[in-house]
Amino acid sequence: MEESLNFLEEIIEADLAAGKHKSILTRFPPEPNGYLHIGHAKSICLNFGLAKKYGGKTNLRFDDTNPVKEDTEYVDSIKEDIQWLGFQWANEFYASDYFEQLYDWACLLIKKSLAYVDDQTQEEIRLTRGTVTNPGKDSPFRNRSVEENLDLFARMRAGEFKDGDKVLRAKIDMAHTNMLMRDPILYRILHAHHHRTGDKWCIYPMYDYAHGQSDSIEKITHSICTLEFDVHRPLYDWFIEKLEIFPSHQYEFARLNLTYTVMSKRKLLELVKNNYVSAWDDPRMPTICGLRRRGYTPESIRLFAEKVGVAKRDNVIDLSLLEWCVREDLNKRARRYLAVLNPLKVVITNYPEGQTEELEAVNNPEDESAGKRKIPFSREIYIEHDDFMENPPKKYFRLSPGSEVRLKYAYIIKCEEVIKDALGNVTELRCTYDPETRSGGGSTKQVKGTIHWVSAAHAVPAAVRLFDRLFTEAYMDDIPEGKDYKDYLNSLSLQLSKAYLEPELANVQAGTNVQFERMGYFVPDKDSKPEKPVFNRTVTLKDTWAKMAAKQ
RNA sequence: UGACCUAUGGUGUAAUGGUAGCACUACUGAUUUUGGUUCAGUCAGUCUAGGUUCGAAUCCUGGUAGGUCAACCA
């Protein structure tokens, strides 16, 4: 059975078969102006994955041609995230490494009468560019002599002019149907400090003038980018042709869109800047570092990238696929523990006071080699508040007055009495247990429900936040207008301040992924059918654990 | 009233002129010390109208729908 190829793999295989390249070289070219998100992860997995599959290499190149937006902080985070995802670049380059070469090539274009210095204002340039349906008009400066252009361009570099006074433009065709070909700007004057070149330059190349040539300099064979750069390809090719340099080729694929998820760098930056979230790595963020804090593994993200596929049509991936990918990975690897997030006290009235026994629990039901552990059981325990309902709907399997339920790894208990406070809130349950039903004791008694619990005397209080789907749902398609967005986000965040954890969890190392036994909650069904549980959203503890340890 | 890109179940993605397949979701059943997991199954698709062909998701033409392009951003 032959594995089917995506369109990029087909292109590469054809190129390799035709002897066009001996091996392939791809690149991942982020602009260091923000943190990487799940959309970049797709691109990273593609570029590195393709190179790996065909025995090639991948460069990391920072597209740092706009100093006013870029920062070293972003460079560092990008490198960290790529490595965390499990990829290693062959070379670390910067577009700014090529500024001198790019300048020389610009002079070459001038000499070939293919570029000129334009004195028009930004406004004039915009107006004379025409529209998508109307051709543009030639600049009055379009036919300056080579000598004058060379002189002016050198003086631009020397800093003789203010920002915006002049630009260098390619001389192509002001009536071209592709707006990008209407004498695109190559260089603009920007008296700004660059995070790498400092104050050496006051003219900076534009994306179109820098990207293809950078690819060419590095001899990138397959320059893979997203669909919106499709219209840039003729320009990309134009520079390579006129400069007669290594013919890199650009290929476009559809970028990733995820339901309920904000993916624009601009909006994510807004969330951080306005303190709607704590930082770029806030677990509610769709950034790679945010996903990492939420407990996503590199493996799960790589699996996701593989599952979403690569094509040229616009797509919106269902968030449930991403969630499926973590569960798929973690179900097999992460140990499971008991933790009660929203506790309700239960006193087992017929269990001897002061008695404690150790019960055996399985560390991972899908992996026997993970072994077993002991958990303490005693007269007073906490159960999940949601696991008790005073007036249960028809198909409720858990505790309600008079009903029986199994405590995972322990006994079957029966709810005998409900205790309420003055406001009528349920504050405690009185239950009895059946000593014959100890787990593994051979009892044949069956009950419909099994719930998790922790011994009140032994439990560890958790002063941490839990990261799970509730956070995920905070990503809406658009950021709501107004200032209550922060409250909105917080209302969707699950506070774990009340939670109690099984004592063994205190020994778990920081940075370990763990899963809690059924992290479920009830949501009313849209068609107002009886409410329906949503289950096992693979709750994981990661960096947060270190914070909790520090507090104690 | 432009150019370019795209169109396959609810969502993605295969099939490259020869049986429309796979995954996620939803639903059903089996197993189950959590309703999770696992296993089995069900629902559901070629935008439209012509044309070429023995045969079209695939090639051609015309429509339609969506996307991209008019930063001195990338």
Side-chain angles (χ1 to χ4, degrees), chain A residues 3-7 10 29-31 33 63-66 68-70 95 118 120-122 125-127 129-136 163-169 176-182 184-190 203-204 206-208 210-211 225-234 252 254 259 265-266 306-325 327-328 331-332 336 361-362 365-366 384 387 395-398 405-410 412 437 439-440 446-452 515 517-520 532-538:
Chain A
E3 199 186 325
S4 66
L5 303 176
N6 65 46
F7 79 101
E10 280 179 13
E31 180 187 14
N33 68 344
D63 235 329
D64 55 350
T65 56
N66 185 3
V68 301
K69 282 185 170 182
E70 296 151 7
D118 195 341
Q120 291 183 108
T121 63
Q122 189 166 350
I125 289 176
R126 188 174 64 78
L127 262 18
R129 184 153 30 221
T131 68
V132 288
T133 49
N134 298 312
D163 289 5
D165 277 358
K166 286 177 168 43
V167 290
L168 184 72
R169 301 178 77 176
H176 204 286
T177 51
N178 183 339
M179 299 288 293
L180 267 323
M181 299 297 272
R182 318 240 265 229
I185 291 170
L186 271 34
Y187 273 92
R188 76 282 214 188
I189 300 172
L190 230 43
I203 56 171
Y204 290 92
M206 299 290 289
Y207 165 85
D208 283 303
H211 201 97
C225 62
T226 48
L227 241 36
E228 63 268 30
F229 290 99
D230 179 288
V231 288
H232 293 249
R233 181 152 32 88
E252 308 87 19
T259 53
K265 262 192 191 177
R266 206 206 86 231
E306 190 185 305
K307 289 270 171 197
V308 299
V310 191
K312 293 192 79 162
R313 77 190 81 133
D314 294 323
N315 61 81
V316 184
I317 308 288
D318 208 304
L319 189 56
S320 59
L321 181 62
L322 216 208
E323 294 178 333
W324 179 83
C325 289
R327 273 182 274 134
E328 179 72 4
N331 279 342
K332 296 183 183 69
R336 305 212 186 157
V362 175
E366 292 185 39
E384 206 67 65
D387 286 344
K395 286 201 160 182
Y396 190 76
F397 296 167
R398 289 164 282 160
V405 76
R406 174 172 283 284
L407 296 175
K408 180 89 173 173
Y409 303 128
I412 290 174
T437 58
S439 187
Q446 294 285 321
V447 284
K448 274 187 297 184
T450 301
I451 63 173
H452 53 280
Q515 280 184 288
E517 291 289 356
R518 199 203 59 220
M519 165 61 199
K532 239 174 82 180
V534 173
F535 282 106
N536 206 13
R537 294 302 173 180
T538 311

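Heavy atoms only: backbone and side chains are in, while hydrogens, waters and symmetry mates are out.
Checked by distance alone, A:R406 brings a side-chain donor or acceptor within 3.5 Å of a matching partner on the base of B:rU33. On a pure distance criterion of 3.5 Å, no polar donor-acceptor pair joins the side chain of A:T133 and the base of B:rU1. Side-chain to base pairing of A:R398 with B:rG35: one donor and one acceptor N or O lie within less than 3.5 Å of each other.
Atom name P, nucleotides B:rA7 and B:rU46: the rounded distance is 15 Å, in whole Å. Straight-line distance between the C1' atoms of B:rA65 and B:rC73: roughly 30 Å, to the nearest whole Å. On the C1' atoms, B:rC60 is 46 Å away from B:rU28, given to the nearest whole Å. Taking atom P in both B:rU8 and B:rC59, the straight-line distance is 14 Å, to the nearest Å. Comparing B:rA74 with B:rC69, their P atoms are spaced 15 Å from each other, to the whole Å. As rounded to the nearest Å, B:rA44 and B:rG10 have P atoms that lie 10 Å from one another. Between the C1' atoms of B:rG66 and B:rA71, the separation comes to 25 Å (whole Å). Annotation: B:rG67 and B:rU61 have their C1' atoms spaced 23 Å apart (nearest Å).
Checking B:rU34, B:rA7, B:rG67 against the side-chain heavy atoms of A:D314 singles out B:rG67 as nearest. Ranking B:rG36, B:rA74, B:rC4 by closeness to the A:R336 side chain, first place goes to B:rG36. Side-chain proximity of A:W324 to B:rA14, B:rU25, B:rU33: nearest is B:rU25. If you check B:rU33, B:rA70, B:rC24 against the side chain of A:T450, the one that comes closest is B:rU33.
A:H211 comes within 4.0 angstrom of nothing in the nucleic acid, heavy atoms only. Among the atoms of the strands shown, base atoms are found under 4.0 Å from some heavy atom of A:R313. Across all strands, A:K265 comes closer than 4.0 Å to no nucleic acid atom at all (heavy-atom distances). Within 4.0 Å (heavy atoms only), A:V167 reaches at least one base atom of the nucleic acid. Among the heavy atoms of the strands lying under 4.0 Å from A:F229 is at least one base atom, whether or not backbone atoms are also near. The residue A:G164 sits close to a base: some heavy atom pair falls under 4.0 Å. Counting non-hydrogen atoms under 4.0 angstrom, A:V316 reaches the backbone sugars and phosphates but no base. Across all strands shown, A:K312 has heavy atoms under 4.0 Å from sugar-phosphate atoms exclusively, and none from any base. At a threshold of 4.0 angstrom between heavy atoms, the contacts of A:Q122 include nucleobase atoms, whether or not backbone atoms are also involved. Contact annotation for A:R182: no contact, since no heavy-atom pair falls under 4.0 Å across all strands. Across all strands, A:G136 comes closer than 4.0 Å to no nucleic acid atom at all (heavy-atom distances). Contacts of A:E10 with the nucleic acid, taken as non-hydrogen atoms under 4.0 Å apart, include base atoms. Nucleic acid contact for A:V405: none, since no nucleic acid atom lies under 4.0 Å from a heavy atom of the residue. Using a 4.0 Å heavy-atom distance criterion, A:Q120 is classed as a base contact.
For the pair A:R126 CZ and B:rA71 P, the computed distance is 7 Å after rounding to whole Å. Rounded to whole Å, atom C1' of B:rG36 lies 9 Å from atom CZ of A:R327. In this structure, A:I412 atom CD1 and B:rU34 atom P are separated by 13 Å, rounded to whole Å. Across the protein-nucleic acid pair, A:E31 atom CD and B:rA71 atom P stand 18 Å apart, rounded to whole Å. Rounded to whole angstrom, the span from the CG atom of A:L321 across to the P atom of B:rC22 amounts to 17 Å. Atom CG of A:N178 is separated from atom C1' of B:rG2 by 11 Å (rounded to the nearest Å). Atom CD1 of A:I185 is separated from atom P of B:rC72 by 4 Å (rounded to the nearest Å). Whole-Å rounding puts the A:I317 CD1 to B:rG10 C1' distance at 13 Å.
Using a 4.0 Å cut-off between a side-chain N of Lys or Arg and a carboxylate O of Asp or Glu, A:E328 and A:K307 do not qualify as a salt bridge. A salt bridge links A:K312 with A:E252; the closest basic N to acidic carboxylate O contact falls under 4.0 Å.
Using cut-offs of 30° and 60° on the angle between ring planes, the pair A:Y207 and A:F229 is tilted.
Mapping A:T121 and A:K448 onto RNA chain B by nearest heavy atom places A:K448 closer to the 5' end of the strand. Residue-to-nucleotide proximity on RNA chain B shows that, of A:G449 and A:N33, the 5′-proximal contact is made by A:G449.
A:N331 places a side-chain N or O within donor-acceptor distance of the main-chain N or O of A:R327, the cut-off being under 3.5 Å. Between the side chain of A:T131 and the backbone N or O of A:T133 there is at least one donor-acceptor pair closer than 3.5 Å.
B:rA71 takes the syn form, because its glycosidic angle lies no more than 90° either side of 0.
In this structure, A:H232 and A:L180 approach most closely via the heavy-atom pair CE1-CD1, 3.9 Å. Of all heavy-atom pairs spanning A:E366 and A:K332, the tightest one is OE1-CG, 4.1 Å.
Remark: A:K408 is in phosphate contact with B:rU34, judged by side-chain N or O atoms under 4.0 Å from OP1 or OP2.
Consecutive Watson-Crick or G-U pairs involving RNA chain B, each under 3.5 Å on both distances, make up stems of three or more pairs at B:2-7 with B:64-69, B:10-13 with B:21-24, B:26-30 with B:38-42, B:47-51 with B:59-63.
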